[in-house]
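Taking it in order: structure first as structure tokens, then the write-up.
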Amino acid sequence: MDGPDFDLVIAGAGGGLVAALRAAELGASVLVIDADEHFQRGNNTSMCTAMIPAAGTRWQQAAGVQDSPQRFLADIDRKTGGTADERVARALAESSAALVTWLADAQELDLELVTDFRYPGHSADRCHTIAGRHGSRLLRHLVDRVRAHPRIELIAPMSLRAVHTTDGRVSGVEIATPDGHAEQLATRAVLLATNGFGADSELVREWLPEIAGAHYHGGQYSRGDALRIGRDLGADTGYLDAYQGHAALSSRSQTLIGWATVVHGGVIVDSTGRRFAPETTGYSEFAAILAARPGGAGWIVIDEHIEQLCSVFDDFRAVADSGSLIRAATARGLAELIGVQPEALEDELAAARRAAEGLEPDRQGRTDDRHPLSEPYIAIAITPALFHTQGGLVVDEHARVLAAGSPIPGLYASGGAAIGISGHGAGGYLAGNGLITALGLAFLAAEHVASAVPA
Ligand SMILES: Cc1cc2nc3c(=O)[nH]c(=O)nc-3n(C[C@H](O)[C@H](O)[C@H](O)COP(=O)(O)OP(=O)(O)OC[C@H]3O[C@@H](n4cnc5c(N)ncnc54)[C@H](O)[C@@H]3O)c2cc1C
């Protein structure tokens, strides 16, 4: 009998590339397809800040950081109010150190631990990243490795249209070029790594009404294909109301300014010049809070010290280069330049400074230890955005897609195609939950697929 064309077909060349590399390393033959000819500059992995959370790593050990998968899990639990899928969260937390170690050692990715600031909700420094802190560099590295691997074929543009099963097991796929030329291939396993449904405005309106009016800042091919393909096979879905929002997208350059601005001591004011919520709750939930303010937009206010600290981010430098940083010697001068009420901004910045110096409680209840802003000030216009959806196909600890609670043999999902570990809504999103599910579930899927590949 003829064998399959490939041991594993992966739809989506974002986090899915980790599965390709891991499965091929373990002996599998792999086909990766991507619907987007320009995926390297267009998918979410290429757009991201490349923060990969991992607990109990050698980088943490070298920096004297105390951490463990249990502690990571406890942070996920706290951020989601105990609503995240426990099985998936545990599997990802427990394999996170192995994932970053493999990325560094087997894939020669030059990783470093972020110790200069910490995202809200993490109780330890556990974000691992690369120089420039940009996903395009991470993705380029993975693509180069994939292209060089003799057991992996990568084709783009090519879309996954359907997954076929025989006696309930995955047996093949239908793939198609953009002009509609379709082809059937035989395979034992399929990984759906096609991200979520952020680009489908109808689905977003249905499931995420609170952020549906905001700008969508994510891959244009995140059209919910995994949901459709999975549902055709009877797959379970979950957490479809979960998403990652962001309140720090530059409205001028449409580039991420980054929450490090806030963590280092920046504050956010609305179009009246007033602060309105504790910025350190998290950037994801802050998007809907900002969207509900007058005019649905606002300003991040920082100073030159914070500007310098944030310049390690490619994205922040791009925002600065776009001319989006508005500077003024005083709060009043800044207010006039950005068109907010001068008395309000002057009063807010003076109060925020006293609070940061420990002289009075913060008006919005912020308790973080932060740098007090000082003149001259810098304001950057921000607009709330939806970055990606966090719900999808229900998977188990091996990233196997479930139908009525049992695995569909040979079908896997990762990243935005699968359920995340962010609970419901926007508030459970902990920085790194996007990549840990994209890279981590891909890694786990590959190991499971490879364990069934005949030697
Ligand atoms: C600005 C920004 C910053 C971020 N920063 C971080 C961060 O620092 N840390 C973090 O954890 N998360 C971050 N995220 C979230 C993170 O980028 C995503 O969660 C993650 O990259 C999703 O990976 P993925 O593999 O699921 O999807 P993607 O990387 O979007 O890849 C999916 C691919 O599937 C392809 N595709 C879609 N449909 C089909 C089909 N039918 N057939 C074939 N191919 C198809 C698409 O073209 C795409 O290339 C950020 C997001 C944004 C927008």
Side-chain angles (χ1 to χ4, degrees), residues 49 51 112 114-120 125 127 129 131-134 246-276 278-280 283 286 290 297-360 362-364 366-383 431:
T49 317
M51 294 287 162
E112 62 191 33
V114 176
T115 54
D116 53 317
F117 80 103
R118 193 184 294 168
Y119 286 103
D125 290 336
C127 282
T129 194
R133 302 181 176 188
H134 202 269
H246 214 299
L249 189 73
S250 159
S251 32
R252 183 186 170 120
S253 68
Q254 301 285 299
T255 307
L256 182 61
I257 301 163
W259 214 241
T261 48
V262 161
V263 175
H264 283 309
V267 296
I268 294 183
V269 297
D270 64 13
S271 56
T272 69
R274 288 282 172 200
R275 286 175 68 209
F276 49 91
E279 296 87 350
T280 44
Y283 51 76
F286 217 84
L290 179 62
W299 300 87
I300 285 186
V301 182
I302 59 171
D303 62 12
E304 289 180 345
H305 175 68
I306 296 177
E307 176 190 18
Q308 202 174 354
L309 292 174
C310 291
S311 294
V312 288
F313 288 87
D314 286 354
D315 270 347
F316 184 85
R317 289 200 307 278
V319 171
D321 292 346
S322 74
S324 305
L325 273 51
I326 298 175
R327 295 165 199 274
T330 63
R332 196 160 268 274
L334 189 69
E336 279 158 12
L337 285 176
I338 66 177
V340 303
Q341 292 162 16
E343 299 73 26
L345 188 65
E346 200 171 36
D347 175 50
E348 287 292 349
L349 293 185
R353 182 178 173 87
R354 290 193 299 273
E357 288 172 337
L359 301 174
E360 64 182 45
D362 183 73
R363 285 181 178 174
Q364 300 299 332
R366 240 173 112 160
T367 54
D368 56 319
D369 184 16
R370 63 189 189 273
H371 156 78
L373 294 179
S374 59
E375 297 168 343
Y377 295 116
I378 298 169
I380 314 169
I382 52 172
T383 189

**Fill in**
Rounded to the nearest 0.5 Å, the OG1 atom of Thr280 sits from the CZ atom of Arg118 at a distance of 13.5 Å
**Asked** Which of parallel (below 30°), tilted (30 to 60°) and perpendicular (above 60°) describes Tyr119 and Tyr283?
**Response** perpendicular
**Request:** State, yes or no, whether a side-chain contact exists between Arg133 and Asp314 at a heavy-atom distance under 4.5 Å.
**Result:** no
**Item:** Minimum side-chain heavy-atom gap Asp368-Val263 below 4.5 Å
**Value:** no
**Asked** For Arg317 and Ser311, which heavy atoms make the closest approach, and how far apart are they?
**Response** NH1-O, 2.5 Å
**Request:** Decide yes or no for Asp362 and Arg275: does some side-chain heavy atom of the first lie under 4.5 Å from some side-chain heavy atom of the second?
**Result:** yes
**Flag side-chain contact, heavy atom, 4.5 Å: His134 against Asp315** = yes
**Asked** What heavy-atom pair brings Leu334 and Ala328 nearest, and what distance separates the two atoms?
**Response** N-CB, 3.3 Å
For residues 302-309, which side-chain donor-acceptor pairs fall under 3.5 Å, sequence neighbours excluded?
from   : atom 1 : to     : atom 2 : distance (Å)
Asp303 : OD1    : His305 : N      : 3.3
Asp303 : OD1    : Ile306 : N      : 3.1
Asp303 : OD1    : His371 : NE2    : 3.3
Asp303 : OD2    : His371 : NE2    : 2.6
Asp303 : OD2    : Ser374 : N      : 3.0
Glu307 : OE1    : Arg327 : NH1    : 3.2
Glu307 : OE2    : Arg327 : NH2    : 2.7

**Contact check, side chains of Val267 and Arg366, non-hydrogen atoms, under 4.5 Å** = yes
**Criterion ring pair (Phe, Tyr, Trp, His ring centres under 6.0 Å) against His264, the qualifying member of Phe316, Phe313, Phe117** = Phe117
**Prompt:** What are the two closest non-hydrogen atoms of Ala247 and Leu290, and how far apart are they?
**Reply:** O-CD2, 3.8 Å
**Item:** With sequence neighbours excluded, residues passing salt bridge (charged side-chain N to carboxylate O under 4.0 Å, His left out) with Asp321
**Value:** none
**Request:** Working to the nearest 0.5 Å, report the span between NE2 of His246 and CD1 of Ile257.
**Result:** 9.0 Å
**Request:** First locate atom CD1 of Ile380, then atom OG1 of Thr255, and finally report the distance between them rounded to the nearest 0.5 Å.
**Result:** 11.0 Å
**Prompt:** Roughly how far apart are Thr129 OG1 and Met51 CE, rounded to 0.5 Å?
**Reply:** 4.5 Å
**Prompt:** Aromatic rings Phe286 and Phe276: how do their planes relate, parallel, tilted or perpendicular, breaks at 30° and 60°?
**Reply:** tilted
**Message:** To the nearest 0.5 Å, what is the distance between CD1 on Ile300 and CD1 on Ile268?
**Reply:** 4.5 Å
**Item:** Salt bridge flag under 4.0 Å for residues Asp347 and Arg274
**Value:** yes
**Message:** So does Ala381 get a backbone contact from the side chain of Ser251, meaning a donor-acceptor N/O pair under 3.5 Å?
**Reply:** yes
**Complete:** Shortest non-hydrogen pair, Ser253 vs Val319, comes out as OG-CG2, 3.8 Å
**Request:** Measure the CD1-CD1 distance between Ile378 and Ile326 for me, rounded to the nearest 0.5 Å.
**Result:** 11.0 Å
**Fill in**
Of all heavy-atom pairs linking Ser322 and Arg252, the shortest is O-NE, 3.1 Å
**Asked** Quick one: salt bridge (charged side-chain N to carboxylate O under 4.0 Å, His left out) partners of Glu343, sequence neighbours excluded?
**Response** Arg332
**Prompt:** Can you name the closest pair of heavy atoms from Pro372 and Ala356 and give their distance?
**Reply:** CA-CB, 3.7 Å
